[in-house]
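Numbers restart at 1 for each chain; the letters A, B, ... are given by sequence-line order, proteins then strands.
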Amino acid sequence: MPVAQQPTTLSNSDQLATKSKSQREMINIDNLSLIFPSKDGDVHALSDINLTIKSGDFVSFIGPSGCGKTTLLRVIADLERPTSGTLKVNGTDAEDARLNRLYGYVFQAPALLPWRNIEQNCALPMEISKQSKEHQSNQIDKYLKMVGLQDFHKKFPWQLSGGMQQRASIARALCLNPDLLLMDEPFGALDEITRDHMNMELLRIWSETQKTVVFVTHSIDEAVLLSTHIVVMSPRPGRIMKVIESPLPRLKTLALRDQPEFHALASEIRSALAHEHAID
Amino acid sequence: MPVAQQPTTLSNSDQLATKSKSQREMINIDNLSLIFPSKDGDVHALSDINLTIKSGDFVSFIGPSGCGKTTLLRVIADLERPTSGTLKVNGTDAEDARLNRLYGYVFQAPALLPWRNIEQNCALPMEISKQSKEHQSNQIDKYLKMVGLQDFHKKFPWQLSGGMQQRASIARALCLNPDLLLMDEPFGALDEITRDHMNMELLRIWSETQKTVVFVTHSIDEAVLLSTHIVVMSPRPGRIMKVIESPLPRLKTLALRDQPEFHALASEIRSALAHEHAID
Amino acid sequence: MPNTFKNFIYTALILLQLFLVSSSDIGFYQSNPLLILLLIVSLYSMAKLLAKLTTIENQYTIVKPIIPSLFAFMLVLTWESIIKGYAVSPVLMPAPSNIFDAFINNIPMLWADFKQTYLKAVLAGYVIGCFSGFIVAQWAVKSKLLRDGLIPLGNFMSAIPIVGIAPIMVMWFGFDWQSKAAVIVIMTFFPMFINTLTGLQSTDALHKDLMHTYAAKKSQIFFKNQLPHALPFIFNALKLNSALALIGAIVAEFFGTPIVGMGFRISTEVGRMNMDLVWATIVVAGIAGSLSYGALALLERSLLFWHPSYRGGRSS
Amino acid sequence: AEKMTLQLKWVTQAQFAGYYAALENGFYKDEGIDLTIKPGGPDIAPAQVLAGGGADVIVDWLPSALATREKGLPLVNIAQVYEKSGMMLTCLKSSEIKTSDDFKGKTLGVWFFGNEYPFLSWMSKLNYPTTGGEDGVTVLKQGFNVDPIFQGQADCVSTMTYNEYGQIMDGGLTPEELVLFKYEDEGVATLEDGLYVLEEDLADDKKVESYAKFLKASLKGWKWAAENPKEAAMIVLEYDDTGAQTEHHQTRMMTEVAKLLGKGEGLGYLDPNAYQRTVDILLGSDSAPVITKEPVGAYSHVVFEKYKEL
Amino acid sequence: MKQKIVSFVGLLTIIIAIWYLAALIMNGNQLIHNLERKNQDWTYSQIISQAYEVKRPMLPAPHQVAAELSKSIFERSITSKRSLIYHAQITLNSTLLGFIFGAMLGILIAIGIVHNKTLESSFMPWVIASQTIPILAIAPMIVVVLGAVNITGLIPKAIISMYLSFFPVTIAMVKGLRSSDRLHEELMHTYSASAKDVFWKLRWYSAQPYLFASLKVAIAAALVGAIVAELPTGAQGGLGARLLSGSYYGQTEQIWSALIVAALLGSILVWLVGLAEKVLLRRRGELTNA
Ligand SMILES: Nc1ncnc2c1ncn2[C@@H]1O[C@H](COP(=O)(O)OP(=O)(O)OP(=O)(O)O)[C@@H](O)[C@H]1O
Ligand SMILES: Nc1ncnc2c1ncn2[C@@H]1O[C@H](COP(=O)(O)OP(=O)(O)OP(=O)(O)O)[C@@H](O)[C@H]1O
Ligand SMILES: Cc1ncc(C[n+]2csc(CCO)c2C)c(N)n1
Ligand SMILES: [Mg+2]
Ligand SMILES: [Mg+2]
């Protein structure tokens with residue numbers, strides 16, 4: 001309990017510093033709060049958030065349901081305005097970053113347009129940023145294959161299973177090849193094996209293209225397997241409880257899961273979360 | 001590959017026989033197939049499904065995304081008509097079972113009515129089956145508390161996070177106290193700790209009330225932790241690859257996860273699934 | 001099969017009523033009030049037959065248009081029976097058979113009326129009205145300023161009764177079809193405007209967020225997200241307007257026209273007590289309106305194949 | 001008192017002042033009749049109301065009554081209130097129309113709704129096709145008013161001496177700018193406002209008696225109105241529910257109407273010669289025949305004679 | 001709110017300016033036409049000074065209409081036949097009655113169509129065809145037929161009103177009652193809810209937005225219907241009768257002021273329906289969900 005409530009133990013930006021000093025600051029959040037006004041009492045969705053994410057980092061948000069993970073991601077994406085505090089994305093404010101098409105966002109729900117088939121849905125962001133038709137179809141072929149939907153180019157969203165829809169929406173975001181990827185529980189509806197596969201593919205893409213990834217997940221294993229930093233959040237009001245820097249190598253393999261370092265990190269996260277739940 | 005294609009290795013009903021001979025047959029599926037017609041090629045969602053589920057069983061469906069788990073559950077719930085084959089639920093056909101309000105269904109998405117607050121949403125099925133107001137409010141209090149939403153009675157669905165909505169929809173199904181629970185990835189959007197809690201609660205309710213539960217999940221651990229039987233499915237066309245009867249005790253605890261039996265069963269499932277994926 | 005037998009009885013009863021109507025003397029209900037029972041029984045039979053037909057509707061698509069036709073047939077038969085049976089004066093209400101005769105005997109005249117009213121006034125007014133309503137709505141959705149001004153004004157204008165506008169338009173645009181087209185433009189503009197605006201604003205919150213993350217330009221948001229979402233609303237307006245336009249043209253012709261046109265025909269022939277011709281013209285209007293409505297509904301169905309109200313599949 | 005309903009041909013105005021005056025002055029009550037007057041309007045066909053049972057007596061014009069009779073509704077004229085026709089075609093001098101020979105190629109405004117028969121007969125007599133073109137006349141269905149002549153949409157418009165002509169004056173045109181063609185002068189005058197009932201009702205002596213009483217009170221009202229045009233106009237104004245009529249216009253209308261009424265004892269008497277003249281004119285038009293054969297029994301003097309006996 | 005008023009007033013100013021200009025051009029042309037017919041000379045300044053004072057203007061200027069409006073609204077007692085308020089109230093009565101009939105009929109037909117396949121396939125096409133029948137053509141017939149059975153005054157007018165107003169309600173309600181989320185329908189299916197439950201707990205709610213949108217259209221249509229119904233019966237009061245007599249006597253100011261009162265009345269009615277909608281949606285808790 002004292003941990004969550006003493007401001008001193010709140011992570012500060014220094015904790016996120018990584019080995020490579022060449023990294024730019026990609027996201028800088030300073031004293032940010034967000035309140036949803038509501039008739040029967042305001043909801044403090046985010047409170048006093050301080051966080052710095054460097055470019056090339058893979059940062060996961062983890063925390064109990066309703067703790068504000070989605071809200072924080074939405075603030076970064078300029079989909080929600082903070083009530084107070086400042087936020088810089090790639091040195092500019094969130095709106096400019098969005099206008100510069102800096103990031104790709106994968107929503108918690110698939111958000112596919114029902115009048116477009118899967119291929120056309122994936123083409124949408126590229127059409128909007130005016131990429132060539134040829135490039136579009138190359139990207140679509142590549143990423144639909146990657147997510148295992150190569151046979152579903154012409155199907156409409158309502159003809160796919162929940163997990164397939166989610167994979168299509170991931171392919172759509174990847175097609176755009178943005179510097180910053182914001183992903184809200186992208187693999188929540190996938191089975192373990194597909195999920196492992198997608199995790200590995202995401203890691204590969206991330207390291208090959210030097211992207212920054214901000215990732216919301218409920219799976220401790222997934223957080224450990226993917227992240228360079230893990231941000232543990234606590235609810236009511238939503239705040240950052242702990243920021244853990246991963247001691248594991250940047251590029252991990254599935255085999256790592258059997259290593260003791262992996263389990264050590266996972267337990268650290270688990271106990272941080274359990275502590276939080278205990279308070280509840 | 002030969003496993004999936006040789007009909008002889010398909011699970012047959014005998015494999016589901018349990019120790020207690022007193023159990024009735026709750027669900028009996030015989031040679032069932034379902035094809036979604038579509039302009040660009042029909043989709044064989046289910047093919048030659050044979051399965052018997054006895055009353056009191058806790059059966060999990062597990063399999064790669066798109067393999068037909070949801071479709072099979074929907075067929076049992078009389079939400080989808082099979083193209084061929086027969087299906088008996090509690091000795092009657094699926095429609096009669098539905099009309100007798102035999103089962104409660106938890107959808108993959110929360111499906112809350114936006115014009116009702118959480119409490120009213122939970123009351124809906126009880127209103128429909130004409131239960132007393134008093135009973136309604138008792139049930140609602142009990143189950144909303146169980147899913148950790150005791151402070152959210154009067155909130156509307158859009159004021160809740162994704163995971164909270166899903167918990168509300170689980171509470172709604174439980175309030176009805178049906179003999180048969182059909183659950184489609186009910187805990188998909190929950191963090192591990194909430195999930196563990198919910199798992200234990202579900203197990204408790206199941207064993208106390210002698211329900212039959214048919215459960216779709218992506219988590220092998222969850223399947224092992226909960227089920228008496230695990231049905232492993234494979235996609236395109238969707239078929240049952242293997243039915244595994246759990247050697248673990250019916251009433252499990254979280255501590256069981258550290259036992260070797262647990263891991264043995266998990267690996268068995270994992271290898272069945274991996275085998276399936278290798279084919280892909 | 002008892003069912004076939006029942007159906008046979010039903011059909012026979014209806015045919016009996018048909019025979020009664022076509023062979024008896026005028027005023028048969030007055031001379032023999034009991035005959036009215038036959039009408040009631042045959043109405044009941046038709047209801048039964050229709051119910052039966054709907055159950056097989058899904059198997060045989062040809063059945064589909066038969067059902068409303070049979071319904072109409074029964075309506076016409078009842079109408080004919082009552083007019084003939086009670087010897088209702090043709091000055092008050094003509095029998096369907098008289099209307100049919102009038103229709104057949106006056107095809108060139110009815111065609112000329114149709115050309116004047118439908119092919120000139122209605123088409124021109126409808127196209128201009130719907131198109132401009134759409135264009136203005138599409139501006140308004142971009143500019144809050146325009147919207148705040150136009151919506152109350154639009155509500156105000158749509159409350160103006162056509163019957164009041166028509167004489168003014170005749171005064172301004174002359175007696176010929178142009179004034180009718182002007183009335184139709186005014187009538188059809190606001191339904192289109194309001195519907196398009198509502199439709200363009202009705203986009204799914206999640207899809208709106210999605211376009212927002214793409215930093216899509218207004219025109220891109222418009223064509224790729226808002227317009228598809230608005231299509232059901234736009235079709236609503238198109239269908240509503242197709243009925244409104246015809247009414248508008250006909251009403252406007254009451255206030256001055258050259259001596260041709262469907263509205264002219266109706267108002268003049270009422271005065272001349274040619275009720276059969278009046279109804280023949282009404283039938284033409286009904287057919288024209290229903291056909292255009294039906295054509296729009298078909299187009300809607302094919303364009304909105306993805307909409308939950310037309311497609312199968314699950315929610316997405 | 002006996003209930004009775006009279007359906008007028010047009011809206012409440014001094015054209016029907018006699019009935020309103022009789023009602024207001026209690027003449028109907030004196031005869032034991034409880035009369036309801038239903039005003040007409042642009043889309044009310046009085047004959048329809050009569051056929052539907054909504055009225056006992058209607059005011060109509062003879063040509064339209066004869067046409068209706070041929071359609072199978074046996075209307076019978078029981079009294080003729082207007083002796084002379086008030087119809088005119090009013091043309092602009094500037095449109096270079098001086099005589100009826102100049103109509104060729106011109107645009108003429110005409111009332112339809114059964115009021116077009118005299119015009120069609122006239123054109124037929126003058127040998128003008130009414131379908132437009134070089135040699136014919138272009139006909140417009142004139143709306144509710146005389147706007148077409150003000151806005152240059154028509155060269156001539158139809159007017160009644162007692163009504164629309166006054167409106168043209170009010171609108172700012174002077175008699176010097178106009179050329180008038182009175183149907184009376186052109187020899188195509190047909191009988192206008194008369195009282196009509198259903199033929200079958202005349203077989204009933206009691207009904208004939210009631211009609212006679214009604215006629216007595218009505219004619220008394222007309223005589224009073226003709227003598228007191230100002231007061232009659234005020235009564236009309238009072239009965240006008242729209243509140244749109246003006247005193248000036250109604251007084252003028254009453255004065256003009258008085259000129260068309262039958263004289264002295266002849267008021268209400270249908271002159272068989274005038275009747276025959278109307279029939280001949282209607283039969284004479286060959287292009288669009290209004291009536292195809294000589295009507296039989298279209299008028300009856302029984303009510304008028306009974307009234308004389310009262 | 002403030003900005004809303006500003007933009008509305010701004011637009012109104014522009015419209016009035018255009019109106020003045022149009023009046024100048026239209027009436028001026030008419031003046032020139034008349035003067036030329038009389039072979040009189042004219043100058044532009046003369047035309048401009050007289051354009052707003054013509055006796056039978058093609059388009060009366062806003063101040064002329066305003067003068068007529070204030071004369072017939074404020075200077076007469078509301079029981080006077082010359083008061084527009086008096087006539088508006090006559091029209092309002094039949095509008096409201098017709099609207100209530102129409103809305104109920106529309107909802108009932110929609111419920112029937114949604115629940116009964118036979119009704120849908122046999123009846124629906126005729127509901128649509130009914131609206132292609134020109135109301136003005138059958139209005140007199142309704143008046144005559146009902147008059148024959150001694151139903152006069154309010155009822156025939158309300159019936160004509162109803163005829164116009166039930167249609168939008170039917171169409172929208174059929175759509176609305178079917179617009180419920182597929183997932184929610186399946187949910188009710190799993191509860192094996194009765195048709196009544198599905199209606200009252202699901203369809204009725206998903207239809208509400210459609211219902212209110214269509215009620216706004218319907219109440220405006222009911223007003224048009226009431227006014228149309230006042231035409232054939234010409235002389236019995238009401239805004240329709242005012243329009244007609246204004247037209248009959250070439251009193252354009254009278255037409256315009258009746259039109260404006262009609263439109264105002266319509267706007268108020270539509271606004272009231274909108275108010276009811278807001279209250280209801282607030283009860284549903286949806287309004288904050290912007
Ligand atoms: N529009 C809103 N109005 C009111 N409260 C809201 C709104 N959106 C979110 N909240 C509240 O904000 C809190 C945080 O929500 P958020 O969606 O960010 O949670 P989350 O961490 O993403 O949870 P989950 O893992 O369940 O998706 C919740 O308590 C929720 O009830
Ligand atoms: N309405 C439909 N039309 C056509 N194909 C469909 C339809 N619904 C489902 N399918 C197909 O049926 C197959 C099985 O779908 P289902 O939803 O049962 O998968 P699932 O096992 O539940 O997957 P997930 O884990 O991703 O939810 C998929 O390939 C899907 O594309
Ligand atoms: C649309 C219309 N139709 C017919 C008439 C003809 N009419 C009926 S009664 C009457 C006497 C004059 O007041 C006249 C001329 C008209 N005026 N307007
Ligand atoms: Mg979330
Ligand atoms: Mg599924």
Side-chain angles (χ1 to χ4, degrees), chain C residues 47 50-51 53-55 57 64 67-68 70-72 75 92-93 144-146 148-150 152-153 155-165 167-168 171-172 191 198 236 239-240 243 246-247 250-251 254-255 262-263 266-267 270 278 281-282 285-286 288-290 293-294 308-309 314-315, chain E residues 3-4 7-8 10-12 15 26 58-59 117-118 121-126 128-129 131-138 140-141 144-145 167-168 171-172 175 178-179 181-183 213 216-217 220 223-224 227-228 231 239-240 243 247 252 255-256 258-259 262-267 269-271:
Chain C
L50 283 177
L53 276 175
T54 19
T55 57
E57 183 183 24
K64 228 167 197 141
I67 295 172
L70 278 182
F71 183 82
L75 219 65
L92 273 182
M93 186 62 109
K144 184 158 163 45
L145 198 76
L146 204 59
D148 289 344
L150 275 177
L153 194 81
N155 288 336
F156 182 77
M157 295 281 271
S158 61
I160 299 181
I162 15 151
V163 279
I165 301 172
I168 295 172
M171 188 157 104
W172 289 358
T198 325
N236 255 358
K239 289 194 287 189
L240 181 72
L246 196 59
I247 297 181
I250 288 175
V251 167
F254 276 56
F255 291 84
M262 295 159 79
I266 290 171
S267 65
V270 171
V278 172
T281 309
I282 290 176
S290 305
Y293 193 99
S309 52
R314 308 175 190 164
S315 56
Chain E
Q3 193 207 344
K4 262 189 187 168
S7 46
F8 179 68
L11 200 75
L12 206 65
I15 285 172
M26 285 173 146
M58 285 267 268
L59 174 59
K117 202 106 191 25
T118 311
S121 32
S122 57
F123 200 62
M124 192 61 176
W126 299 102
I128 293 159
Q131 293 303 300
T132 58
I133 295 178
I135 178 66
L136 204 57
I138 56 165
M141 298 181 204
V144 165
V145 168
F167 179 72
I171 296 294
K175 223 188 172 83
R178 291 202 168 131
S179 75
D181 195 296
R182 184 169 238 100
L183 197 57
K216 288 182 201 165
V217 177
L223 179 66
V224 171
I227 289 175
V228 166
L231 291 187
L239 291 174
L243 280 171
S247 170
T252 26
I255 301 181
W256 279 89
L259 265 183
L264 269 178
L265 186 63
S267 306
L269 292 174
V270 170
W271 176 75

* **side chain to side chain contact (heavy atoms under 4.5 Å, CB included) partner of C/Phe156, chosen from E/Leu264, E/Leu12, E/Val270** =>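 Between C/Phe156 and the candidates, side chain to side chain contact (heavy atoms under 4.5 Å, CB included) is satisfied uniquely by E/Leu264.
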* To do: Inspect the surroundings of CH2 in E/Trp271 and state if more than 12 heavy atoms from other residues, nucleotides or ligands are less than 6.0 Å away.
  =>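 For E/Trp271, atom CH2 is not crowded (no more than 12 foreign heavy atoms under 6.0 Å).
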Identify which part of [X] has an atom lying under 4.5 Å from any heavy atom of chain E, answering side chain, backbone, both or neither.
X: C/Ala72; result: both
X: C/Leu92; result: side chain
X: C/Leu246; result: side chain
X: C/Ile250; result: side chain
X: C/Ile266; result: side chain
X: C/Leu53; result: neither

Minimum heavy-atom distance [X]-[Y], with the two atoms named:
X: C/Asp148; Y: E/Phe8; result: O-CB, 4.2 Å
X: C/Trp172; Y: E/Met26; result: CD2-CE, 3.3 Å
X: C/Ile165; Y: E/Leu259; result: N-CD2, 4.3 Å

Region of [X] that comes under 4.5 Å of a non-hydrogen atom in chain C:
X: E/Ala220; value: side chain
X: E/Lys175; value: side chain
X: E/Leu269; value: neither

* **Beyond-backbone contact of C/Met171 with E/Thr252, side-chain heavy atoms, under 4.5 angstrom** =>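 Yes, side chains in contact.
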* Just wondering, do E/Phe167 and C/Leu240 contact through their side chains at under 4.5 Å, heavy atoms? ->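 Yes, their side chains come closer than 4.5 Å.
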* Against chain C, work out which of E/Ile255, E/Val224, E/Ile128, E/Ile15 has the most heavy-atom pairs shorter than 4.5 Å and name it. =>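 Most heavy-atom pairs within the cutoff with chain C belong to E/Ile128.
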Which one of [options] has the most heavy-atom pairs closer than 4.5 Å to chain E?
options: C/Leu146, C/Ile247, C/Thr281; value: C/Ile247
options: C/Pro152, C/Gly263, C/Pro191; value: C/Pro152
options: C/Ala51, C/Gly289, C/Gly149, C/Pro167; value: C/Gly149
options: C/Ile168, C/Leu75, C/Val270, C/Leu70; value: C/Ile168

* Check against side-chain contact (heavy atoms from CB on, under 4.5 Å), E/Val228 and C/Val251 -> CA-CA 9 Å; E/Val228 166; C/Val251 167; 5.7 Å; no
* Nearest 0.5 Å, what's the CG-OG distance between C/Leu153 and E/Ser7? ->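 Rounded to the nearest 0.5 Å, the CG-OG separation comes out at 11.0 Å.
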* To the nearest 0.5 Å, tell me how far E/Phe123 CZ sits from C/Phe71 CZ. =>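 Those atoms lie 5.5 Å apart.
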* Take E/Met141 and C/Val278 through the side-chain contact (heavy atoms from CB on, under 4.5 Å) test and state the conclusion after the steps. => CA-CA 11 Å; E/Met141 298 181 204; C/Val278 172; 4.0 Å; yes
